[in-house]
Amino acid sequence: QVQLTESGGGSVQAGGSLSLSCVISGRTSESYAMGWVRQAPGKERECVAASTWVGRGPYHSDAVRGRFAIFRDNGKDTTYLHMNMLKPEDTAVYYCAATPSNTLLRNAQAYDYWGQGIQVTVSS
């Protein structure tokens, strides 16, 4: 059984920074594709960042490229999302997601395991 536990998030003013962390447990993280997926009210889930163990990518969506960065520390079984220059449109619930794969996964529907979700709110 794979479990993903997220931490971080919160509220910040536009232009600020936040970081999210995701610890994978139950199985080794080396062979898992990891992603960060967000869902804003009334919108579909959107994969904003993804990475793999074998070094493909990373991937960042057009909406966040240059502002967000995904980083994984396999030694700590932890994946991070560093978010800078935050905008009100980044407000959403952010989910850590994983699936056993060495493919860089840009589609939110490709992931099998999900964290509980964590709220990020950016005020103008």
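We count residues from 1, following the sequence as given.
- Remark: Ser7 pairs with no residue by the side chain to side chain donor-acceptor pair (under 3.5 Å) rule, at least two apart or across chains.
- Nearest heavy-atom pair, Gly8 versus Ile118, reported as atom, atom and distance to 0.1 Å: O-CD1, 2.8 Å.
- The minimum heavy-atom distance between Ala97 and Val37, with the atom names listed, is CB-CG2, 4.5 Å.
- A continuous path of Ile, Leu, Val, Met, Phe, Trp and Tyr side chains, each step under 4.5 Å between heavy atoms, connects Val120 with Leu81, placing both in one hydrophobic cluster.
- The main-chain N or O of Ile70 is found under 3.5 Å from a side-chain atom of His60 such that the two form a donor-acceptor pair.
- Between Cys96 and Met34 the shortest side-chain heavy-atom distance falls below 4.5 Å.
- The closest donor-acceptor contact from the side chain of Tyr32 to the backbone of Asn102 lies at 3.5 Å or more, if one exists at all.
- Gln39 pairs by the side-chain contact (heavy atoms from CB on, under 4.5 Å) definition with Arg45, Tyr95, not counting sequence neighbours.
- Between atom OG of residue Ser21 and atom CD of residue Glu6 there is a gap of 10.0 Å, rounded to the nearest 0.5 Å.
- Under the 4.5 Å side-chain contact rule for hydrophobic residues, Tyr94 and Trp114 do not share a cluster.
- Every residue meeting the side-chain contact (heavy atoms from CB on, under 4.5 Å) condition with Glu89, not counting sequence neighbours, appears here in chain and number order: Lys87.
- Inspection of the Ser17 and Asn84 side chains reveals an N or O donor paired with an N or O acceptor under 3.5 Å.
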Handout entry: Worked check of side chain to side chain contact (heavy atoms under 4.5 Å, CB included) between Cys47 and Tyr59
Key = CA-CA 9 Å; Cys47 180; Tyr59 161 78; 4.3 Å; yes

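- Partners of Val12 under the side-chain contact (heavy atoms from CB on, under 4.5 Å) rule, at least two apart in sequence or in another chain, are Leu18, Leu86, Val122.
- Cluster membership for Tyr113 and Ile24, using ILVMFWY side-chain heavy atoms within less than 4.5 angstrom, is shared.
- The distance from atom CZ of Arg38 to atom CE of Met83, rounded to the nearest 0.5 Å, is 9.5 Å.
- Distance alone, capped at 3.5 Å, places no donor-acceptor pair between the Thr103 side chain and the Ser101 backbone.
- Note that CZ of Arg106 and OG of Ser61 are 11.0 Å apart. Values are rounded to the nearest 0.5 Å.
- By the side chain to side chain donor-acceptor pair (under 3.5 Å) test, Gln3 is found to be paired with no residue, residues two or more places apart in sequence or in another chain being considered.
- Between Asp90 and Arg67 there is a salt bridge, since at least one side-chain N of the basic residue sits less than 4.0 Å from a carboxylate O of the acidic one.
- Two different hydrophobic clusters hold Leu104 and Tyr111 under the rule that ILVMFWY side chains link at heavy-atom gaps under 4.5 Å.
- Residues forming a side-chain contact (heavy atoms from CB on, under 4.5 Å) with Thr5 (at least two apart in sequence, or on another chain): none.
- In terms of heavy atoms, Ala14 sits closest to Ser124 at CB-CA, 4.3 Å.
- A heavy-atom distance below 4.5 Å is found between the side chains of Leu20 and Trp36.
- Across every non-hydrogen atom of Asp112 and Pro100, the tightest pair is OD2-CD, 3.8 Å.
- His82 and Tyr80 have parallel rings, their planes meeting at less than 30° on a 0 to 90° scale where 60° marks the start of perpendicular.
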